[in-house]
Each structure stands twice: as structure tokens, then as C-alpha cells.
Amino acid sequence: MNYSAQEVMQYAREADVKMIRLAFCDVYGKQKNIVIMPRELERAFGFGIAIDASAIAGFGGAVRSDLILHPDPATLTLMPWRPETGKVVRMFCDISYPDGSPFECDTRGILKQAVAEAVNRGYLFTFGPEMEFYLFKNDAEGEPTKVPYDRAGYMDIAPDDKGETVRREICLMMEEMGILPESSHHEEGPGQNEIDFRYADPVSAADNAVIFQSIVKSVAARNGLTADFSPKPLVDKPGSGMHINFSVRSLGGENCMAQAIAGIMDKIYAITAFLNPCENSYARLGGNKAPGYISWSTQNRSQLIRIPAAEGDFVRAELRSPDPAANPYVAFALMIYAGLEGIEQQMQLPESADINLFSAPAEVLKRFKKLPVDLAEARTAAYASGFVNEHLPAELVALYCR
């Protein structure tokens with residue numbers, strides 16, 4: 001909803017709102033917030049709310065600890081798991097220094113800049129992430145275990161699929177918070193689930209991805225479970241991905257999807273450290289339908305990029321390497337810049353790889369470049385990349401690559 005600041009303040013008065021969460025993310029995409037009372041809203045919209053950012057990852061430490069949050073009224077959302085009496089709402093924030101200059105490691109701001117750059121060049125991007133996660137049982141003390149909630153398999157149904165009612169509750173809560181779920185099902189791993197949601201503009205899609213993880217974790221906790229979004233929580237079971245569906249439309253009417261895909265393929269090796277940012281990420285890549293090579297195909301799920309079967313407004317490409325540990329704001333920004341470079345340089349797609357790369361012989365696999373095999377290789381590639389250093393602040397690159 002496109003609320004204005006005045007509408008938010010009016011809503012807070014009329015709807016018995018007692019607390020407002022001002023939300024933002026650290027450089028790794030972990031959601032943070034500070035809570036203010038309704039009487040502080042006018043100050044928040046007029047001047048911002050100061051925070052001590054010294055203990056937040058990537059926010060500068062004790063040397064430059066003061067930062068200012070500026071709530072975005074268009075992102076107002078009711079927190080539906082809070083009491084109806086004395087409502088709690090949440091808004092995402094932009095971040096600045098006390099002098100008003102933008103904070104360079106505000107990753108939501110980085111994505112906004114990428115979107116503006118794309119529009120200036122005549123292109124509109126949309127994104128729709130698909131997130132996988134595990135549900136684990138808690139022990140008698142309420143602490144998480146690695147015991148899966150069920151032993152069901154891909155798209156199984158109840159009673160084998162015990163996560164069905166949990167997913168239903170998640171989807172209903174998503175709708176209450178303005179996120180439109182498209183489908184949900186049990187995944188291949190025991191206790192593993194997937195929920196996909198509707199395409200949106202890049203900033204809204206990234207906001208939704210952050211909100212989605214908090215919804216899933218909250219609903220899981222209410223059911224005495226723990227939701228795990230790590231890329232490879234069980235050594236011998238499938239990992240969890242964050243497949244990113246994307247499309248690009250030219251305001252001039254030309255078809256530019258192939259060039260955008262070629263651009264992302266061209267830059268994927270250099271940006272993998274941001275799409276797969278932890279050591280555990282590389283235990284997932286290269287097996288159980290998670291790509292290990294730079295390739296594309298239609299429908300084939302062993303590829304880095306696949307073009308799903310769809311028509312009209314649903315035509316899109318799916319990048320299959322990212323995982324839920326990625327910061328979606330950074331991931332989408334880098335994909336936009338890579339796509340723009342592919343379009344403007346008229347990059348051509350290589351021949352499609354209509355084979356199963358998981359079972360292909362070694363002589364066939366030699367034709368394809370591999371993704372980084374571990375975090376050290378990915379960090380080295382990112383740190384040395386002119387593309388990465390052109391589009392991300394040096395402080396952010398250093399944090400991810402050190």
C-alpha cells in the first residue's frame with residue numbers, strides 16, 4: 001500500500017496502534033529493528049530516529065556509531081501475530097548519517113540506486129524469490145535440534161507431510177501482511193518446505209523476502225518448531241536454495257531477456273560470494289539440483305539458469321544458485337547491473353545445455369566453467385572484480401571478501 005506519512009499518523013491514531021517497529025537490515029540481510037511509540041512518528045518522518053549502530057554488522061563500529069533511520073511510509077504493515085488491542089505495525093527504513101548524507105552500506109539503498117539506474121536506461125526489472133527451509137523439532141528445553149519435523153518427500157501430502165498446516169498458517173499470515181503466496185509444498189528433504197510468492201518490483205520483492213523469513217520463523221516457533229534457512233543444514237540431505245525468478249522489460253518495447261540472462265551468466269562467477277555468502281553454501285552447490293556449472297537451459301533443473309514453461313506475463317528466467325543466506329537487496333542489485341551490462345553490450349547467450357550436468361561425463365563437463373567451489377575462491381573472485389567494485393561500496397566488498 002502506498003501510504004503517505006500523514007496517512008500513517010492518522011492510521012496510528014484511529015486504529016489503536018501502540019508500537020511502531022522501524023525495520024532495517026545489516027549488511028548480511030539480517031533484519032533489525034527499533035520500536036518507537038506513536039507520539040514519535042512526526043519526529044521520525046520529519047527528522048528521522050537516531051540509533052547506535054556500533055554493534056551492527058558492517059555499520060562502522062564505535063568510530064561512527066550514530067546513524068539515522070528514515071521510515072518509508074509506503075511499507076506500513078500490521079504485525080498480525082500481535083494483539084488486536086494495542087496494535088503493532090512495522091515500516092522499513094532508509095539509513096543516513098546525521099548530516100543527511102546516505103549511509104553507503106544501507107543495502108536497501110543500494111538496491112534503490114540500481115532500480116533508478118535501470119529506469120534511467122529504460123528498463124524495468126521484476127523479481128520473485130522461491131525460498132526453501134527446514135522445520136526441525138525442539139528439545140525439552142525449547143532449543144532447536146537437527147531432528148526433522150517429518151520424513152515426507154517431494155510434494156507428499158498429510159499425514160506424511162506434517163508441515164502442511166504450518167505452511168497454511170504461513171501463507172495466511174503472508175496475505176495479512178500484503179505478500180501474495182503463489183504455491184507451497186513439501187520439498188525433497190525430510191522436514192523441508194518451499195513457499196513461492198508473487199512477482200514484484202525489486203525493492204518490494206527484497207522487502208518481502210526479509211519479511212517472509214521472519215513470518216516463517218515466528219509461525220514455526222508458535223508451533224514448537226525451529227525454521228532453518230541455512231543452505232545445507234543436513235549433511236546427507238538436499239540443501240535449501242533461494243531460486244530467484246526475474247524478468248526485464250524494455251520501456252522501448254524491444255525483447256531484451258536473452259541479453260540480460262547472458263549478462264548475469266557473464267558476471268555470476270564474480271558475484272557468487274554475495275549470492276552464496278557462507279561456507280555452508282558451498283556444501284549445497286553441485287548436487288541435489290543445485291548448480292555447479294555456468295549454464296542455461298529450458299526447464300532443465302541441473303542448470304544455473306533455466307527458462308520455466310510459461311506464457312505471457314509469466315515468462316521469466318530462474319537463477320538457481322543463490323541460497324537463503326544471501327542478502328536479497330545486494331543479490332537483486334547485482335543481478336540488475338549484470339543484466340543491464342548484458343543488454344547494453346548486446347551479449348549473446350551460449351548454446352543451451354540440454355543435458356543432465358549431474359550425470360554428464362567428464363569430457364562434456366569440461367566445456368562449462370564451474371562456479372566457485374568454496375567461499376575462499378568466491379571471495380577472491382569478488383574482490384578482484386572490476387564489476388563488483390564499480391557497483392558496491394568498498395566497505396561492503398571488504399566485509400564480504402575479507
Without swapping roles, check the side chain of [X] against the backbone of [Y] for a donor-acceptor pair under 3.5 Å.
X	Y	result
R90	T75	yes
N138	G224	yes
R198	E182	no

Parallel, tilted or perpendicular: ring planes of F246 versus F127, cut at 30 and 60 degrees: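 If you compare the ring of F246 with that of F127, the planes turn out tilted.
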Parallel, tilted or perpendicular: rings of F133 and F229 (30°, 60°):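 It falls in the tilted class, 30° to 60°.
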Distance-only side-chain donor-acceptor flag, E169 / N223, under 3.5 Å: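 N223 and E169 do have a side-chain donor-acceptor pair below 3.5 Å.
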Residue pair N389 / Y383, side-chain donor-acceptor N/O under 3.5 Å: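 Absent: no donor and acceptor within the cut-off.
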Whether over 12 other heavy atoms sit under 6.0 Å from E351 CD: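 Not more than 12 within 6.0 Å, no.
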Value rounded to 0.5 Å, distance of CD in Q192 from CG in D150: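 Result: 10.5 Å between the selected atoms.
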Test: D106 and K112 ion pair at under 4.0 Å: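 No.
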Salt bridge E117-R121, side-chain N to carboxylate O under 4.0 Å: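 Salt bridge present between E117 and R121.
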Where [X] and [Y] come nearest, the two heavy atoms and their spacing:
X	Y	value
E188	P238	CB-CG, 3.9 Å
L135	A220	CD2-CB, 4.0 Å
Y199	S247	CE2-OG, 3.4 Å
V216	A227	CG1-CB, 3.6 Å

Cation over ring face, K369 and Y269, 6.0 Å, 45°: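 Relative to the ring axis of Y269, which defines the angle, K369 lies inside both limits.
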Verdict with reasoning, F103 to F59, per ring pair (Phe, Tyr, Trp, His ring centres under 6.0 Å): CA-CA 9 Å; F103 174 51; F59 277 28; 4.9 Å; yes
Derivation of the ring pair (Phe, Tyr, Trp, His ring centres under 6.0 Å) call for Y400 and Y28: CA-CA 8 Å; Y400 271 84; Y28 303 112; 5.2 Å; yes
